[in-house]
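A short write-up of the structure that comes next.
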Amino acid sequence: MRKKIIIGNWKMNLNLSEAQDLAFKLKGEVNTKTLAEVAVCPSFVYLSAISNILKGSNIYLGAQNMSNQESGAFTGEISPLMLKDFNVKMVIIGHSERRQVFNETDEDINAKIKTALKHEFTPIFCCGEELKTREANKAEEFVKNQVLAGIKDLSKEQIEKLIVAYEPIWAIGTGKVCSGEDANKIIKMIRNVIKEKSSVDISERVRILYGGSVKSDNFNETIKYSDIDGGLVGGASLKADEFLKLVSLAGNAHEQSQSHPASV
Ligand code: PEP
């Protein structure tokens, strides 16, 4: 049974004391009884401080990006070896802001996923379409191609180590949420692509999340779908209370799926 996971992407938000405060609050509430897994991805410059706070907690530390190179003349980049020093376990790769604002290509993202796996990080591989693509009824085809490009030349064992996040770009930070039904449809399609490139068993083990304006007042509708394994959360991850509500909604959904498997 896949365990639900809620991942906070703090993006370029919070100053040091705000980030520390948030990490302390989450650490105080997330424990071995928490039914969903939890991860936070602070800015690179706060990884050291947040890593110290989260030591001994049940919260995973993630990074928001990573170079595909290990060292060298790459001004401004962060190497996977540097992330290792701070107990980072996960790395967001291919976020739409990296694709759109920093022109990262499918090839860059594929290279980063391979580097992340080489260094034993869990890649949180993001994919998702723009509004015009959805309106042209091409969302499935577009996301399928993004996924195929991202996992190109990965072995089955490597595919199994991914977390995939379906994040329709038109829903990120806009307040527009993709309906649970629509998100589930794309997520099922992604699971099918993974099945074709690995095996039924592996595709049933890979977690696929939804991201895009997730909030505590809309997440219940999303997380009830059995193929949706959690959320990648931007804005709502910056407030402890709100983020913890999402963690508890995911935990409830996990409990329900155990008592009524594949109900939706
Ligand atoms: C994100 O950037 O990954 C995201 C989902 O942002 P938001 O929750 O703010 O839409």
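Note that the numbering runs from 1 along the sequence shown for the chain.
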**Item:** Expected output: side-chain T34 to main-chain A36 donor-acceptor under 3.5 Å
**Value:** no

**Check: L35 and N252 side chains under 4.5 Å, non-hydrogen atoms** = no

**Asked** Quick one: does Q158's side chain have a donor or acceptor within less than 3.5 Å of a partner on S155's backbone?
**Response** yes

**Message:** Please check this pair: side chain of R99 against backbone of C126, looking for a donor-acceptor N/O pair closer than 3.5 Å.
**Reply:** yes

**H95 side chain reached by K11 side chain, heavy atoms, under 4.5 Å** = yes

**Prompt:** With a 4.5 Å heavy-atom cut-off, do I151 and L154 have their side chains touching?
**Reply:** yes

**Request:** Consider only side-chain heavy atoms of I, L, V, M, F, W and Y, link residues closer than 4.5 Å, and tell whether L209 and L238 are in one cluster.
**Result:** no

**Prompt:** T105: what forms a side-chain hydrogen bond (donor to acceptor under 3.5 Å, both in side chains) with it, not counting sequence neighbours?
**Reply:** E107, D108

**Request:** Indicate if V40 and I124 have the same hydrophobic cluster label, given that clusters are the connected sets of ILVMFWY residues with side-chain heavy-atom separations under 4.5 angstrom.
**Result:** no

**Message:** Does N15, at its CG atom, have more than 12 non-hydrogen atoms belonging to other residues, nucleotides or ligands within less than 6.0 Å?
**Reply:** yes

**Greater than 12 external heavy atoms within 6.0 Å of F44's CZ** = yes

**Message:** Please tell me whether I78 and I109 are part of a single hydrophobic cluster in this structure, the criterion being side-chain heavy atoms less than 4.5 Å apart.
**Reply:** yes

**Prompt:** If you count the non-hydrogen atoms of other residues, nucleotides and ligands that lie under 6.0 Å from CZ in F24, is the total more than 12?
**Reply:** no

**Request:** Take N184 and K188 through the side chain to side chain donor-acceptor pair (under 3.5 Å) test and state the conclusion after the steps.
**Result:** CA-CA 6 Å; N184 196 51; K188 268 187 185 297; 5.6 Å; no

**Prompt:** Among the clusters formed by ILVMFWY side chains lying less than 4.5 Å apart, do I163 and F121 turn up in the same one?
**Reply:** no

**Message:** More than 12 heavy atoms of other residues, nucleotides or ligands under 6.0 Å from CD of E196: yes or no?
**Reply:** yes

**Message:** V177 vs Y210, test: side-chain contact (heavy atoms from CB on, under 4.5 Å). Steps then yes/no.
**Reply:** CA-CA 10 Å; V177 198; Y210 168 75; 3.7 Å; yes

**Message:** Could you walk me through whether D106 and L148 satisfy the side-chain contact (heavy atoms from CB on, under 4.5 Å) test, starting with their C-alpha distance in whole Å, then the side-chain angles of each, then the deciding distance to 0.1 Å, before giving a yes or no?
**Reply:** CA-CA 9 Å; D106 284 333; L148 286 171; over 6 Å; no

Kindly list each side-chain donor-acceptor pair under 3.5 angstrom involving residues 83-94, sequence neighbours excluded, with atom names and distances?
unit_1 : atom_1 : unit_2 : atom_2 : d
K84    : NZ     : H119   : O      : 2.4
N87    : OD1    : K89    : NZ     : 3.1

**Item:** Donor-acceptor contact present, side-chain N68 to main-chain A111, <3.5 Å
**Value:** no

**Request:** Just jot down the salt bridge (charged side-chain N to carboxylate O under 4.0 Å, His left out) partners of R191, sequence neighbours excluded, or say none.
**Result:** D227, D229

**Asked** Would K195 and E204 count as a salt bridge (Lys or Arg N to Asp or Glu O under 4.0 Å) if you check the C-alpha gap in whole Å, the side-chain angles of each, and the deciding distance to 0.1 Å?
**Response** CA-CA 8 Å; K195 182 179 83 186; E204 286 303 320; over 6 Å; no

**Message:** Do I7 and V233 make a side-chain contact, defined as non-hydrogen atoms from C-beta onward lying under 4.5 Å apart?
**Reply:** no

**Item:** Within-4.5 Å side-chain heavy-atom neighbours: K197 and V147
**Value:** no

**Item:** Trace of the side-chain contact (heavy atoms from CB on, under 4.5 Å) decision for W10 with S237
**Value:** CA-CA 7 Å; W10 295 357; S237 71; 3.4 Å; yes

**Asked** Can you check whether L22 reaches L14 side chain to side chain, under 4.5 Å on heavy atoms?
**Response** yes

**Item:** Pairs meeting criterion salt bridge (charged side-chain N to carboxylate O under 4.0 Å, His left out) with involvement of residues 212-221, two or more places apart
**Value:** E221-K224

**Prompt:** So, E104 and R98, do they make that salt bridge, N to O below 4.0 Å?
**Reply:** yes

**Message:** Is any side-chain heavy atom of N65 closer than 4.5 Å to one of F102?
**Reply:** no

**Asked** Is a side-chain donor or acceptor of S213 paired with a backbone partner of A171 at a separation under 3.5 angstrom?
**Response** yes

**Request:** May I ask whether L244 and F219 are part of the same hydrophobic cluster, defined by side-chain heavy atoms of I, L, V, M, F, W, Y residues being less than 4.5 angstrom apart, directly or through others?
**Result:** yes

**Prompt:** By the rule that ILVMFWY residues connect when side-chain heavy atoms come within less than 4.5 angstrom, directly or transitively, which residues belong alongside V200?
**Reply:** none

**Asked** Can you list the residues that meet the salt bridge (charged side-chain N to carboxylate O under 4.0 Å, His left out) rule with K4, with sequence neighbours excluded?
**Response** none

**Message:** Using the side-chain hydrogen bond (donor to acceptor under 3.5 Å, both in side chains) criterion, which residues pair with T32? Sequence neighbours excluded.
**Reply:** none

**Message:** Show me the pairs that pass salt bridge (charged side-chain N to carboxylate O under 4.0 Å, His left out) and involve residues 23-52, at least two apart or across chains.
**Reply:** D21-K25, E37-R207

**Message:** Run I194 and V164 through side-chain contact (heavy atoms from CB on, under 4.5 Å) and show every step you take.
**Reply:** CA-CA 10 Å; I194 290 175; V164 182; 4.1 Å; yes

**Prompt:** Short question: side chain of Q146, backbone of G128 - any donor-acceptor pair under 3.5 Å?
**Reply:** yes

**Partner set under salt bridge (charged side-chain N to carboxylate O under 4.0 Å, His left out) for E70, not counting sequence neighbours** = K118

**Message:** Can you pull out every salt bridge (charged side-chain N to carboxylate O under 4.0 Å, His left out) where at least one residue sits in residues 154-175? Sequence neighbours excluded, please.
**Reply:** E160-R205

**Prompt:** Quick one: does D182's side chain get under 4.5 Å of I186's, heavy atoms only?
**Reply:** no

**Prompt:** In terms of heavy-atom contacts, does NZ of K114 have more than 12 from other residues, nucleotides or ligands at under 6.0 Å?
**Reply:** yes

Quick one: side chains of residues 131-142, donor-acceptor pairs under 3.5 Å with protein atoms, not counting sequence neighbours, listed by atom name and distance.
unit_1 : atom_1 : unit_2 : atom_2 : d
R134   : NE     : E129   : OE2    : 2.7
R134   : NH2    : E129   : OE2    : 3.4
R134   : NH2    : Y166   : OH     : 3.1

**Asked** Strictly by modelled atom types, are K144 and N192 linked by a side-chain donor-acceptor pair under 3.5 Å?
**Response** no

**Prompt:** Which heavy-atom pair separates S67 from T115 by the least distance, and what is that distance?
**Reply:** O-CG2, 4.1 Å

**Request:** Write out all pairs satisfying salt bridge (charged side-chain N to carboxylate O under 4.0 Å, His left out) with one or both partners inside residues 38-65, taking only residues at least two apart or from two chains.
**Result:** none

